[in-house]
Every structure is written in structure tokens, then in C-alpha cells.
Amino acid sequence: METAFIKTPLGIAQISGDENGISIISILTDGEITLKIPKNLKEATQQLQEYFDGKRTQFTFKLHPNGTDFQQKVWQALLEIPYGKTCSYMDLSKKLGDVKAIRAVASANGKNPLWIVVPCHRVIGTDGSLTGYAGGLWRKKWLLEHENPSTQQSLF
């Protein structure tokens, strides 16, 4: 497995993967930036930079996260949340066919190993609140605003 560290507006992103795809993208508060990106990570690092530059709304590189079958099912459902949109944990549980699984869905969401790409930041509380985010609620807020910036209304 190869690893690279890139600078983002939210901190240093760690990207790990191999020829099978990207397994981990996580956020760190600090670290050394990788000067030479390994071949297997170039596409992912480029697409993440395009996302932060506001030029990309979908990721197309190969993913290879490790998790249980249930976690994989939840992460797949997260991939279906459109850019700039949100859904609640309850909505996600319903979509997966079991409203009683809301806690398990939230737990799987919190174990998502592919920060931003598998958009767990797009899941909010039923009341619209920003709840639970491993990277910190301030990052979740930043990501949602980045994906859905408010436009200045004309006063006249």
C-alpha cells in the first residue's frame, strides 16, 4: 500500500491505496506534504484538488475500502447522495430497508474510510442539524457550504 499526504483547505489529507484502488482518505491536522505522488495515487490526488478548486462534483477513481458487508452497503448508499444535497440518518436507514437500523447506519457512516469521496458529510440529523462527524463539525459545515454555496441576493 502506498501513501501520500496533500494539503487541503481543511488540513492535510492522507491518501492510501494500491493498484486495486484507494482504501483510505483521511484528514489530519498537520503533517509533511508528499512531494512525489506515487503512480497509484495520482488520479485520486488530482481529483481531490479539483474538488477543492470547485471544478469537480464527482469522483471517478477506483475505490477499495475495507469494511464489513453492512458497512460496504451503507457506504454504497452514501455514494448515491448527490453533490450539494443532504439526507438524514433516518432517510438512509429507510433507503437501506430498515428504519430500526439507524444507529448501525450512523456507526457505519462514522467508520467511512474515504473522507469526502464517500460523502458521509452529506448526512445530517432529521431536524436538519449537523450531527456527528469524525473530522469535526466545522469541517462538515465547510464541506456542505463548499458544495452548496449561498449566492448573494440582490438588494434591488
Side-chain angles (χ1 to χ4, degrees), residues 2-17 21-34 37 40-68 70-96 101-153:
E2 299 172 304
T3 299
F5 299 89
I6 63 169
K7 185 177 181 181
T8 78
L10 298 173
I12 305 298
Q14 173 187 340
I15 304 163
S16 299
I22 302 300
S23 300
I24 298 168
I25 301 175
S26 60
I27 189 69
L28 311 169
T29 50
D30 59 11
E32 291 288 321
I33 304 298
T34 303
I37 305 295
N40 289 322
L41 308 180
K42 282 187 180 183
E43 189 176 357
T45 58
Q46 179 182 348
Q47 288 187 25
L48 279 168
Q49 188 59 55
E50 291 168 357
Y51 169 85
F52 284 113
D53 290 344
K55 298 175 184 170
R56 176 172 291 278
T57 60
Q58 281 188 319
F59 297 97
T60 58
F61 55 86
K62 189 174 178 184
L63 306 178
H64 190 67
N66 295 314
T68 66
F70 181 76
Q71 289 170 336
Q72 296 281 351
K73 189 176 170 182
V74 171
W75 300 337
Q76 188 60 48
L78 291 172
L79 287 169
E80 297 171 15
I81 304 170
Y83 180 91
K85 303 290 182 192
T86 58
C87 79
S88 71
Y89 291 100
M90 180 61 78
D91 293 336
L92 206 53
S93 296
K94 286 178 184 175
K95 181 178 179 136
L96 292 168
I102 190 168
R103 288 179 191 248
V105 167
S107 177
N109 194 50
K111 291 183 172 102
N112 169 21
L114 293 165
W115 180 64
I116 297 178
V117 177
V118 175
C120 57
H121 61 278
R122 296 180 189 152
V123 182
I124 58 174
T126 305
D127 63 358
S129 63
L130 299 184
T131 59
Y133 190 65
L137 289 180
W138 71 271
R139 285 189 177 107
K140 184 172 189 164
K141 182 176 187 284
W142 189 98
L143 290 166
L144 292 174
E145 288 174 354
H146 175 72
E147 292 184 4
N148 198 5
S150 59
T151 54
Q152 176 66 42
Q153 299 293 320

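Excluded from the calculations below are hydrogen atoms, water molecules and symmetry mates; all remaining heavy atoms, backbone and side chain alike, are included.
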**Request:** Given side chain to side chain contact (heavy atoms under 4.5 Å, CB included), test I27 with I116 step by step and report yes or no.
**Result:** CA-CA 10 Å; I27 189 69; I116 297 178; over 6 Å; no

Is there a donor-acceptor pair under 3.5 Å between the side chain of [X] and the backbone N or O of [Y]?
X    : Y    : result
W75  : A108 : yes
N109 : A106 : no
S93  : Y89  : yes
S16  : T3   : no

Quick check for you: to the nearest 0.5 Å, what is the distance between [X] atom [atom1] and [Y] atom [atom2]?
X    : Y    : atom1 : atom2 : result
I25  : L41  : CD1   : CG    : 9.5 Å
T45  : K7   : OG1   : NZ    : 16.0 Å
K111 : N66  : NZ    : CG    : 14.5 Å
L78  : C87  : CG    : SG    : 7.0 Å
S88  : I102 : OG    : CD1   : 6.5 Å
L10  : W138 : CG    : CH2   : 5.0 Å

**Item:** Over 12 foreign heavy atoms within 6.0 Å of CD, E32
**Value:** no

**Summary of side chain to side chain donor-acceptor pair (under 3.5 Å) pairs that have at least one residue in residues 120-131, sequence neighbours excluded** = H121-E147, R122-E147, D127-S129

How close do [X] and [Y] get, heavy atom to heavy atom, and via which atoms?
X    : Y    : result
V117 : L79  : O-CD2, 3.5 Å
T8   : A13  : CG2-CB, 3.8 Å
L28  : F5   : CD1-CE2, 3.7 Å
S23  : P113 : O-CB, 3.7 Å
G110 : A134 : O-CB, 4.4 Å
V118 : N112 : O-ND2, 2.7 Å

**Asked** Does the side chain to side chain contact (heavy atoms under 4.5 Å, CB included) test come out yes or no for Q71 and V74, once each step is laid out?
**Response** CA-CA 5 Å; Q71 289 170 336; V74 171; 5.7 Å; no

**Prompt:** Yes or no on side chain to side chain contact (heavy atoms under 4.5 Å, CB included) for L130 and L144, after CA distance, side-chain angles and deciding distance?
**Reply:** CA-CA 10 Å; L130 299 184; L144 292 174; 3.5 Å; yes

**Asked** Can you say whether the rings of Y51 and Y83 are parallel (under 30°), tilted (30 to 60°) or perpendicular (over 60°)?
**Response**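 Plane angle over 60°, so perpendicular.
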
**Item:** Residue pairs, two or more places apart or on separate chains, that pass salt bridge (Lys or Arg N to Asp or Glu O under 4.0 Å) and touch residues 48-59
**Value:**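 The answer is E50-R56.
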
**Item:** Pairwise side-chain contact, W115 with I24, heavy-atom cut-off 4.5 Å (strictly under)
**Value:**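 W115 does not reach I24 side chain to side chain.
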
**Request:** Quick one: do L114 and L63 satisfy side chain to side chain contact (heavy atoms under 4.5 Å, CB included)? Show the steps, please.
**Result:** CA-CA 8 Å; L114 293 165; L63 306 178; 4.1 Å; yes

**Prompt:** What residue among Q46, K42, E43 forms side chain to side chain contact (heavy atoms under 4.5 Å, CB included) with F61?
**Reply:** E43

